[in-house]
Amino acid sequence: MTAFTTKLLRWYQGHQRDLPWRRQNDPYKIWVSEVILQQTRVEQGLPYYQRFIHRFPDVGSLANAAEQDVLKHWQGLGYYSRARNMHAAARQLCNQYGGALPKTPEALRQIKGIGPYTAAAIASIAFGHPIAAIDGNAYRVLSRYFASSLPIDSSAGRKYFQDLGNQLLSDGPSGDFNQALMDVGAGICTPRQPQCTNCPLIDECRAYSLSIQDAFPVKSKSLQRRERSFHFLWVEDENCVAFEQRQAGDIWQGLYQLPLIEQRPADSKNAWLKTLTKLTDTKVAPQLVWHTRHLLTHQNLHIYFYKLRLTRQQTQALSNKSIQWVPFNNIAALPVPRPLEQLLQQKGLARH
DNA sequence: AAGCCGTGGAA
DNA sequence: TTTCCAAGGCT
């Protein structure tokens with residue numbers, strides 16, 4: 001066993017975090033935790049994990065749930081395909097494996113929403129399978145320790161660090177190895193200002209010895225997102241509010257929202273009103289009761305909010321585009337995007 | 001393969 | 001204010 005692995009495992013004995021999914025060895029709970037924690041910090045995912053496990057304690061309860069209920073428990077966490085995929089996967093598991101999770105990475109990879117990392121994590125942590133789980137933490141720790149400039153977002157880089165991790169793992173306890181690597185990455189070998197003096201791997205870390213920790217990991221592409229402006233329209237009749245469910249191929253798939261008009265940021269200020277007038281196919285513009293201007297900018301998302309009074313004719317026209325009329329007291333059951341959730345809460349519109 | 005999917009915290 | 005990016009996976 002290498003010095004790397006020996007020191008890592010020894011450190012883990014005294015410094016591992018006390019996390020709920022580590023308190024037992026239920027593969028289902030390990031699966032849930034791994035999916036929740038994809039691209040998500042422990043602090044952010046922890047309350048979601050607790051609520052999710054409480055409501056869906058096993059594969060069967062998840063398989064039997066309605067998708068809306070599953071999405072509701074994911075509301076606000078983001079990357080909602082994770083919830084949809086887990087829901088589908090639970091049904092898949094009930095049909096193929098009698099509700100149990102398979103034990104090999106290869107079989108796990110066939111499950112919806114389980115990729116190379118999650119398959120390795122479940123196989124190693126739940127079943128002791130000897131494979132390294134290479135996540136963002138592992139990429140960071142390994143690339144610094146070996147001062148490796150291979151881009152971690154290239155296919156060559158992924159293969160290199162996977163092989164490297166597997167070699168270091170050797171015949172040691174794979175679950176502990178992987179979780180130890182994650183704990184070091186999350187708490188010590190952090191993206192910025194790593195706490196090297198507390199690191200069990202400081203002695204042989206090449207990046208530290210050269211004081212070039214900030215240079216790793218190397219990524220070839222930089223992420224940038226397009227800017228979008230959403231204009232949410234609150235349209236109500238006596239008892240109900242107009243909602244629609246978002247479709248595939250875009251953000252917030254499967255979630256519910258107020259009818260919206262998207263306008264490119266470059267468009268003129270009231271372009272949405274023209275669009276709505278066209279949409280409702282009348283010469284008269286819909287009456288605006290009130291609106292919020294730039295209620296919140298959510299990263300690159302600009303959210304606007306308008307309460308409208310429509311003529312019966314306009315409402316009819318709007319109904320043509322798969323509008324669902326939701327009673328006021330049913331709104332709270334709908335999974336909605338975070339910006340809309342905050343909007344409804346601020347305006348006190350979710351209760352009646 | 002490259003682009004996309006959410007949200008919140010930190011600097 | 002802007003930028004980065006966190007226990008990735010899908011198309």
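Below, all heavy atoms of this structure are taken into account, side chains as well, without hydrogens, waters or symmetry copies. Keep in mind the model is a prediction, meaning the values are calculated, not measured. A, B, ... follow the sequence lines: proteins, then strands. Residue 1 opens every chain.
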| request: Between A/K221 and A/G249, name the one whose nearest nucleotide on DNA chain B is closer to the 5' end. | output: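 Of the two residues, A/K221 wins.
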| said: Between A/I251 and A/Q193, which residue's closest nucleotide on DNA chain B lies nearer the 5′ terminus? | reply: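 Nearer the 5' end of the strand: A/I251.
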Once you round it to whole Å, what is the distance between [atom2] of [N] and [atom1] of [X]?
X	N	atom1	atom2	answer
A/N300	B/dG3	CG	C1'	14 Å
A/L340	B/dG6	CG	P	14 Å
A/W74	B/dC5	CH2	P	18 Å
A/I36	B/dG8	CD1	P	15 Å
A/R84	B/dC5	CZ	P	12 Å
A/L46	B/dG8	CG	P	16 Å
A/L301	B/dG6	CG	P	10 Å
A/D250	B/dC5	CG	P	6 Å

| Ring centroid separation A/H291 to A/Y304 under 6.0 Å |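 No; A/Y304 has its ring centre 6.0 Å or more from that of A/H291.
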| request: Nearest 0.5 Å please: distance from the CG atom of A/L276 over to the CD1 atom of A/I261. | output: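 One gets 4.5 Å once the value is rounded to the nearest 0.5 Å.
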| query | With a 4.0 Å cut-off on heavy atoms, is A/P339 in touch with a base, just the backbone sugar-phosphate, or nothing at all? | reply |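 Contact class for A/P339: sugar-phosphate only.
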| For A/R246, which contact category applies under a 4.0 Å heavy-atom criterion: base, sugar-phosphate, or nothing? |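 No contact at all - A/R246 keeps every heavy atom at 4.0 Å or more from the nucleic acid.
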| said: Running the 4.5 Å side-chain criterion over Ile, Leu, Val, Met, Phe, Trp and Tyr, what cluster does A/L169 land in, apart from itself? | reply: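 When side chains under 4.5 Å apart are linked, the cluster holding A/L169 also contains A/M1, A/F4, A/L8, A/L9, A/W11, A/Y12, A/I134, A/Y139, A/V141, A/L142, A/Y145, A/F146, A/L150, A/I152, A/Y160, A/F161, A/L164, A/L168, A/F177, A/L181, A/V184, A/I188, A/L201.
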| field | ring-ring contact (aromatic ring centres under 6.0 Å, His included) partners for A/H129, two or more places apart | value |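 Residues passing ring-ring contact (aromatic ring centres under 6.0 Å, His included) with A/H129: none at all.
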| For A/Y48, all residues meeting ring-ring contact (aromatic ring centres under 6.0 Å, His included), sequence neighbours excluded |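 None.
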| For the side chain to side chain contact (heavy atoms under 4.5 Å, CB included) test, which of A/I251, A/V70, A/L71 pairs with A/Y80? |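 Among A/I251, A/V70, A/L71, the one meeting side chain to side chain contact (heavy atoms under 4.5 Å, CB included) with A/Y80 is A/L71.
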| query | C1' atom, B/dC4 versus C/dC5: distance in rounded Å? | reply |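 Per the computed distance, 16 Å lies between those C1' atoms.
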| said: If I pick the P atom on C/dC4 and the same atom on B/dG3, what distance separates them, to the nearest angstrom? | reply: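 After rounding to an integer number of Å, I get 16 Å for this pair.
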| query | Taking OP1 and OP2 of B/dT7, is either one under 4.0 Å from a side-chain nitrogen or oxygen of A/Y80? | reply |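 Yes, because at least one side-chain N or O of A/Y80 sits under 4.0 Å from OP1 or OP2 of B/dT7.
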| request: Check whether any side-chain nitrogen or oxygen of A/W252 sits under 4.0 Å from OP1 or OP2 of B/dT7, and answer yes or no. | output: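 So the side chain of A/W252 is within the cut-off, an N or O lying under 4.0 Å from OP1 or OP2 of B/dT7.
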All N/O donor-acceptor pairs, side-chain side in residues 85-104 of chain A, below 3.5 Å, sequence neighbours left out:
unit_1 : atom_1 : unit_2 : atom_2 : d
A/N85  : ND2    : A/S81  : O      : 3.2
A/H87  : NE2    : A/A65  : O      : 2.8
A/H87  : NE2    : A/R91  : NH2    : 3.3
A/R91  : NE     : A/A63  : O      : 2.9
A/R91  : NH2    : A/A63  : O      : 3.3
A/R91  : NH2    : A/A65  : O      : 3.2
A/Q92  : NE2    : A/Q110 : O      : 3.2
A/N95  : ND2    : A/R91  : O      : 3.3
A/T104 : OG1    : A/A107 : N      : 3.1

| query | When every nucleotide of nucleotides 6-11 of chain C is labelled 5' to 3' by its protein contacts under 4.0 Å (heavy atoms), B for base, S for sugar-phosphate only, - for none, what sequence of letters results? | reply | BBBSS-
| Does the distance from a Lys or Arg side-chain N to an Asp or Glu carboxylate O, for A/R55 and A/D69, drop under 4.0 Å? |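 Counted as a salt bridge, because a side-chain N and a carboxylate O are separated by less than 4.0 Å.
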| query | In terms of side-chain heavy atoms of A/R338, which of B/dG6, C/dC4, B/dG8 is nearest? | reply |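 Nearest to the side chain of A/R338 among the choices is B/dG8.
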| message | Under a 3.5 Å threshold, yes or no: a donor from one side chain and an acceptor from the other, between A/R22 and A/Q16? | response |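 Their side chains do not contain a donor-acceptor pair, so the 3.5 Å distance test is not met.
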| A/W272-A/Y306 side chain donor-acceptor pair, cut-off 3.5 Å |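 A/Y306 and A/W272 do have a side-chain donor-acceptor pair below 3.5 Å.
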| task | Scan residues 99-108 of chain A against DNA chain C and write down, sorted by residue number, each residue with any heavy atom closer than 4.0 Å; if none is found, say none. | result |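 Per residue number, the list is empty: none.
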